[in-house]
Every structure is written in C-alpha cells, then in structure tokens.
Amino acid sequence: MKFGIEFVPNEPLDKIAKLVKLAEDVGFEYAWITDHYNNKNVYEALALIAKETETIKLGPGVTNPYVRSPAVTAAAIATLDEISNGRATLGIGPGDKATFDALGIEWTKPVTTIKDSVKTFRTLLAGGKTEGGAQLGGVKAVQELIPIYQGAQGPKMLETAGEIADGVLINASNPKDYEAAIPLIEKGAKNAGKSLTDVDVGAYTATSIAADSEKAANAAKIVVAFIAAGSPPPVLERHGLPAGINEKLGGLIGKGDFGGAIGAVDDALLDAFSVVGTPDEFIPKIKALEEGGVTQYVAGSPIGPNKEESIKLLGEVISSY
Ligand SMILES: C[C@H](OP(=O)(O)OC[C@@H](O)[C@@H](O)[C@@H](O)Cn1c2nc(=O)[nH]c(=O)c-2cc2ccc(O)cc21)C(=O)N[C@@H](CCC(=O)N[C@@H](CCC(=O)O)C(=O)O)C(=O)O
C-alpha cells in the first residue's frame, strides 16, 4: 500500500510546507494539494513545498481543465517537475458546477474535456506540439512521464480514469465504494489494453486519527456532515443510511447550524464517509480498503484534531503496515 496525504492551501503556506516535510519524514510517498480558486494558489504552494522537501512526490489533487488551459497546466506541472527534481504528479478532475457558475465559466462535456486535457498534457510534456500548435519551450520538456491521476466519482469518470490515467483519486473512505468503483476502472483499463494493476487506485479519504478514539471521531464530524450532505441517494443506499439524511444535513449546513449538523453525524455516517480512530483501529480499516482494491491510501482532511500529532500517528501506522 502506498501512502499519500492531502492538504488544503487555506492556511499559511510555510506551515503547510513544514507539515508536508513531517509527512515525508514519517514515510508518506505522495502529497496532494487541493485546487479551489478561493484558496491560495495551488502551484505557488507546491513550489514552496518542493523547496522544503526532498523525496515526496507532489502535485495538485486535483486541478481541473476549465480554470486554466491544459497547456498552461502542462507548463505549470513541468515547472514543478524542474523545481522538485522530477517529483511532480498531476491530479486532474472535472471540478464542480457551483465553482464554475461562480466564475462564469461554462462547464460542458466533462468527460470529453478531461480526455482532451489528458491528451494535451501527454503531448506537451513529451515535448510535442498539439493540433492547435501549442508547444512547451521555456520549461524543460519532461521526457519521462509525469504520472497523471484523475479525480473521479461518477461511473463514466471512473471508467475514463481507468482508460487514460496512471492513477485515480476517489473521494471515498469505505470499502463498499471501491466494490462499486473498481469494476468500472478495470473496464476502462481493459478498453485501453491495460490491466487494473496498471492503475494506482487512490482512496482519497476523510481521515481523523488521534490517541483517543472519541477525539478522532469528533474532529471528523463536520467534514462528514458536508460529504453526506453532498451525497446522492444511491450512495446513501449503498451504505444503508436513512433516505433524506443528505437533505437534513444540507439544510442544517445551509442555515449555518454547524453544531446541529455535527450533532446529527452518528457512527454509521462516520463509518460510511471517513476513516477515524486510533492507530490500532486504523490498520484493519486500511487493510479492508486494500482488500477492496485500493493501492494508495490518501489521508485527507481533517487528518485529526492536531495535524502535527496526527501525522506522527499516521507515521506509526505506515511503519507498522
Ligand atoms: C462530472 C462528474 O464527474 P465526477 O467524477 O462524479 O465529479 C465529482 C468530482 O470527482 C469532481 O467534482 C472533482 O473535481 C472533485 N475533486 C476536487 N475538485 C476541485 O475542484 N478541487 C479539488 O481539489 C478536488 C479534489 C478531489 C480529489 C479527489 C476526488 O475524487 C475529487 C476531487 C459527473 O457527473 N460524472 C458523471 C456524468 C458524466 C457526464 O457528464 N457525462 C455526460 C457528458 C459526456 C461527455 O463529456 O462527453 C454524458 O454522458 O452525456 C459520470 O461520471 O458518470
């Protein structure tokens, strides 16, 4: 099992860089930095992190092909690859409608757009020229492939990821989600003459680890409330959750009643949408994800009540895994 960690660039960047260095020191192999326009810029954050670290692979987890032209993203990731001495990875996803509505960007044909963008990345990063004549010049055209991971949840996106990407990052924390996703990824891989083993299946989880189980669970509740609120009925059914819990939580969040939302998050919701507990409680949960076909465990927000302490505890999990 590979281990990755996610950071949202909405804190001081030097603090994030130090936390990524700590993650590298305790054994994490990948650092994924989220990309939302209303947070700090993902590439400036990655450049700083690259200077503070030596071995951890790093990249946007995930950017999208709408806010930046794929050629601009290719130049950014090639630049990161130079700064980090060959450690860049590229996470790309379709983004979400609410964001593009806010930015006045038309969000059309996400599957086609992702496919076209990955084709552009591979052409430009290998030093080639696109049909439109775009070509990277000022940055070292990286001949070796920069791994391209696709953020995906919907069935078509999952199949596409299997077909065109080196890895997939799935916002899900429970083995039941991978029972549903893996056959689609495998179908896509086979469409491209690959096998499932050619695709790194990343579980981009909501993680919360602490020496005390209850403290770990409490730190995850608000994140789980947001995930559950955004989950469609088929996902609720998959986890045996009560119909309408998404609307109930969405309503509480919508009126700013975060205490009420947290209070509505029970163990069933925590189990469905997060991985929480002490290091000893984590091992069987990660093993269950691995048995379900996951090959990279990504510790996503909140990581725990105290990020630094939690990264060290995750280091214990990694070294005993
Ligand atoms: C578009 C959407 O795909 P989806 O994968 O479910 O999108 C949900 C998320 O993956 C997407 O919002 C991501 O960008 C969210 N996301 C992040 N989004 C961000 O904006 N920033 C992040 O940092 C971020 C991180 C992240 C990490 C992991 C992860 O899994 C997702 C992450 C969807 O509806 N897909 C459906 C329908 C696809 C569709 O529209 N098909 C049409 C069009 C077909 C065509 O395009 O040609 C059709 O069939 O006609 C499907 O896959 O079946």
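Please read all numbers here as calculations on a predicted model, not as lab measurements. Whatever order the structure lists them in is the order used to number ligands and atoms, beginning at 1. FYI, the numbering just counts along the sequence from 1.
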Carboxylate-amine/guanidinium proximity below 4.0 Å for [X] and [Y]:
X: Lys18; Y: Glu52; answer: no
X: Glu186; Y: Lys190; answer: yes
X: Glu131; Y: Lys119; answer: yes
X: Lys40; Y: Asp35; answer: no
X: Glu159; Y: Lys187; answer: yes
X: Asp81; Y: Arg87; answer: no
X: Lys307; Y: Glu11; answer: yes
X: Glu24; Y: Lys21; answer: yes

Per [atom], closest listed option by heavy atom ([options]):
atom: atom 36 (C) of ligand 1; options: Gly154, Gly151, Pro9; result: Gly154
atom: atom 40 (O) of ligand 1; options: Gly91, Pro232, Pro110, Gly61; result: Pro110
atom: atom 5 (O) of ligand 1; options: Gln153, Lys109, Lys156, Lys97; result: Gln153
atom: atom 46 (O) of ligand 1; options: Asp35, Asp116, Val111; result: Val111
atom: atom 3 (O) of ligand 1; options: His36, Lys115, Met157; result: Met157

Looking only at protein heavy atoms, which one is nearest to [atom], and what is the separation?
atom: atom 7 (O) of ligand 1; answer: Pro94 CG, 3.6 Å
atom: atom 12 (O) of ligand 1; answer: Gly95 O, 2.7 Å
atom: atom 22 (C) of ligand 1; answer: Val62 O, 3.2 Å
atom: atom 31 (C) of ligand 1; answer: Asn171 ND2, 3.4 Å

Atoms of ligand 1 close to [X] [distance to a heavy atom under 4.0 angstrom, numbered from 1]:
X: Ile170; value: 30 (O)
X: Tyr204; value: 27 (C), 28 (C)
X: Thr112; value: 45 (C), 46 (O), 47 (O)
X: Thr34; value: 23 (O)
X: Leu169; value: 28 (C), 29 (C), 30 (O)
X: Trp107; value: 1 (C)

Item to complete: Indicate, with yes or no, if Val168 and Ile77 share a hydrophobic cluster defined by side-chain heavy-atom contacts under 4.5 Å among Ile, Leu, Val, Met, Phe, Trp and Tyr.
Response: yes

Worksheet item: Knowing that exactly one of Val20, Leu22, Asp25, Asn306 qualifies, which makes a side chain to side chain contact (heavy atoms under 4.5 Å, CB included) with Ile311?
Response: Leu22

Mark whether [atom] lies under 4.0 angstrom from at least one protein heavy atom.
atom: atom 33 (C) of ligand 1; answer: no
atom: atom 26 (C) of ligand 1; answer: yes
atom: atom 15 (C) of ligand 1; answer: no
atom: atom 42 (C) of ligand 1; answer: no

Discussion item. Between ligand 1 and Thr99, can you find any atom pair, the residue atom being a heavy atom, that is separated by under 4.0 Å?
Written reply: no

Item to complete: Would you please indicate yes or no on a ring centroid separation below 6.0 angstrom for Trp32 and Tyr149?
Response: yes

Worksheet item: Is the distance between the ring centroids of Phe3 and Tyr321 under 6.0 Å?
Response: yes

